[in-house]
Amino acid sequence: NYNKGDIMKTIAITGASGFVGTSLRNFFEKQGYKVVAINREVLNNKQELQNIVSSSNIVINLAGANIINRWTKEYKELLYSSRINTTSNLVEAINSVETKPELLISTSAVGIYDNKDTYAEDGKYSDDFLSKLCQRWEEEAHKAQTNVSIFRFGIVLGKKGGALAKMITPFKLGLGGIIGSGKQAFSFIHIDDLLNAYKFVIDNNLTSTFNLTAPKPTTNLGLTRALGKALKKPTIFPVPEFALRLIFSEGAKVLTDGQDAVPKKLLDLGFEFKYKNIQETVDSLV
């Protein structure tokens, strides 16, 4: 919250029309920031992109096609280009203007880690498609000649979109259940904590790589139980792994392979999570 004498700060956002982007826009406008959406046309227009980044204090890079989908060869190419090429255009614009934004916050995902252990930000990377995509995405962002922070998202849970909106219908009908064995890790974050983490990093001008996940990761079974409890519905219909593979092909990995990540850096810096575990998160949203 700025005093009258302060200059209103500007935040530019790529991927502003998505669930997280829309939430960020509303959140920061309420805080008194000017928020500018960088849409696809702008990303491909050098001059306009340069104008926007040179007049922005903060740039938030969220652009990228939805990961939960059927991964055909074409879709994998789209997952790649919608992240790497947009980030590269953005970085090029930042590097070619004289007045640079103070901070670029680029996105990545906990899918960068393998699923063999619980990891803080120095965790071991996997060598699958998703991890390599995240690694390239982060490398691209780090080429920016300004302060860079990377936010590795867990699954973002909120009322108005994201994974919960897609999952909740069968649960409301009493048709919910675990996916596969249910033992796979499920690292998630409540949208409110995600928004406050952006504010925290911007207010304190922090440059690092952060896991954006609740302090207590759960499993798919833990999520299923929390939803059943909150909705007071049975959760007896498991979704077999082969059925997901038929729908999503290799993309089913996102749902069947979960990573186990903890937000060590945010916690060490004294960031307070409002929703620390899955039950608190789900209860506040359904």
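Values below: every heavy atom of this structure, side chains too, minus hydrogens, waters and symmetry copies.
Linking Ile, Leu, Val, Met, Phe, Trp and Tyr residues whenever their side-chain heavy atoms come within less than 4.5 Å places Ile60 and Phe19 in a single cluster. Residue Ile236 is grouped with residue Leu175 when hydrophobic side chains (ILVMFWY) are merged at heavy-atom distances under 4.5 angstrom, including chains of intermediate members. Tracing side-chain contacts under 4.5 Å through hydrophobic residues (I, L, V, M, F, W, Y), one reaches Ile67 starting from Val239; they form part of the same cluster. Under the 4.5 Å side-chain contact rule for hydrophobic residues, Leu194 and Tyr33 share a cluster. Clustering ILVMFWY residues whenever any of their side-chain heavy atoms sit less than 4.5 angstrom apart, transitively, puts Val42 in the very cluster that holds Leu104.
Residues Thr10 and Met8 fail the side-chain proximity criterion, which asks for heavy atoms closer than 4.5 Å. Looking only at side-chain heavy atoms (C-beta outward), Leu24 and Leu62 come within less than 4.5 Å of each other. Contact annotation: the side chain of Asn61 approaches that of Trp137 to within less than 4.5 Å [non-hydrogen atoms, C-beta and beyond]. Residues Leu231 and Ile168 form a side-chain contact, since some pair of their non-hydrogen atoms from C-beta on lies under 4.5 Å apart. No side-chain heavy atom of Phe188 sits under 4.5 Å from any side-chain heavy atom of Leu223. Residues Gln259 and Thr213 form no side-chain contact, since every pair of their non-hydrogen atoms from C-beta on lies 4.5 Å or further apart. In this structure, the side chains of Leu90 and Ile38 come closer than 4.5 Å at one or more pairs of heavy atoms. Here the side chains of Leu164 and Leu227 are in contact, with some heavy-atom distance below 4.5 Å.
Within a 6.0 Å sphere centred on CZ of Arg70, heavy atoms belonging to other residues, nucleotides or ligands number more than 12. Around CZ of Arg136, the count of heavy atoms belonging to other residues, nucleotides or ligands within 6.0 Å exceeds 12. For Lys76, the NZ atom sits in a packed shell: over 12 heavy atoms of surrounding residues, nucleotides or ligands are nearer than 6.0 Å.
Heavy atoms only, all atoms of each residue included: Glu140 and Ser88 are closest at OE2-CB, 3.4 Å. Heavy-atom minimum distance, Glu121 versus Asn211: OE2-N, 2.8 Å. In terms of heavy-atom proximity, Leu212 sits nearest to Ala197 at CD1-CB, 3.5 Å. Nearest heavy-atom pair across Ser149 and Val201 is OG-CG1, 4.1 Å. Scanning all heavy atoms of the two residues, the minimum distance from Ala141 to Ile150 falls at CB-CD1, 3.9 Å. Across all their heavy atoms, Thr14 and Ala63 have their closest contact at OG1-N, 3.2 Å.
Under the 3.5 Å distance criterion, the side-chain polar atoms of Asn277 are matched with a main-chain donor or acceptor of Gln279. Of the possible polar contacts, one joining the Lys100 side chain to the Ile94 backbone as a donor-acceptor pair under 3.5 Å is found. Between the side chain of Thr235 and the backbone N or O of Gly177, no donor-acceptor pair lies under 3.5 Å. Formation of a donor-acceptor pair under 3.5 Å by the Thr87 side chain with backbone atoms of Arg83 is found in this model. Side chain of Arg25 to backbone of Gly21: no donor-acceptor contact under 3.5 angstrom is found. Panel note: side chain Ser56, backbone Ile11; no donor-acceptor pair is recorded below 3.5 Å.
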Checklist line | Verdict with reasoning, Leu195 to Ser23, per side chain to side chain contact (heavy atoms under 4.5 Å, CB included) | finding: CA-CA 8 Å; Leu195 299 174; Ser23 308; 4.0 Å; yes
Next item on the list: Please test Leu49 against Leu43 for side chain to side chain contact (heavy atoms under 4.5 Å, CB included), starting from the C-alpha separation and ending with a verdict.
Entry: CA-CA 6 Å; Leu49 190 54; Leu43 273 165; 4.3 Å; yes
Check: Hey, mind stepping through Val254 and Phe248 against side chain to side chain contact (heavy atoms under 4.5 Å, CB included) and telling me if it holds?
Finding: CA-CA 9 Å; Val254 180; Phe248 294 119; over 6 Å; no
Check: Can you check side chain to side chain donor-acceptor pair (under 3.5 Å) on Ser208 and Lys265, steps first, answer last?
Finding: CA-CA 9 Å; Ser208 194; Lys265 283 197 188 160; 2.9 Å; yes
Margin query: Pair Phe210, Leu269 - check side chain to side chain contact (heavy atoms under 4.5 Å, CB included), show working.
Written below: CA-CA 11 Å; Phe210 299 95; Leu269 288 161; 3.7 Å; yes
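Comment: Glu92 engages Lys46 in a salt bridge, judged by a side-chain N to carboxylate O separation of less than 4.0 angstrom. Here Glu139 does not pair with Lys143 in a salt bridge; the nearest charged N to carboxylate O distance is not below 4.0 Å.
The list of side chain to side chain donor-acceptor pair (under 3.5 Å) pairs with a residue in residues 181-192, not counting sequence neighbours, reads His190-Ser284. Legend: ring pair (Phe, Tyr, Trp, His ring centres under 6.0 Å) pairs involving residues 43-85, not counting sequence neighbours, sorted by first then second residue: Trp71-Phe129.
Taking CG of Asn220 as the reference point, atom OG1 of Thr256 lies at 9.5 Å (rounded to 0.5 Å). Here the CD1 atom belonging to Ile155 is positioned 5.0 Å from the CD1 atom belonging to Ile68, to the nearest 0.5 angstrom. Here the CG-OH distance, from Asp203 to Tyr198, works out to 14.5 Å after rounding to the nearest 0.5 Å. Atom CZ in Phe151 sits 10.0 Å away from atom OG1 in Thr209 (nearest 0.5 Å). Within the model, atoms NZ of Lys73 and OG of Ser249 stand 13.5 Å from one another, a figure rounded to the nearest 0.5 Å. For the atom pair Ile179 CD1 and Leu221 CG, the distance stands at 12.0 Å (nearest 0.5 Å).
Between Tyr125 and Tyr113, the ring-plane angle classifies as tilted under the 30° and 60° cut-offs. Using cut-offs of 30° and 60° on the angle between ring planes, the pair Phe273 and Phe271 is perpendicular.
Looking only at atom types and distance, the side chain of Asp283 has no donor-acceptor partner in the side chain of Tyr275 under 3.5 Å away.
If you run side-chain contact (heavy atoms from CB on, under 4.5 Å) between Ile105 and each of Ile202, Val59, Ile13, only Ile202 comes through.
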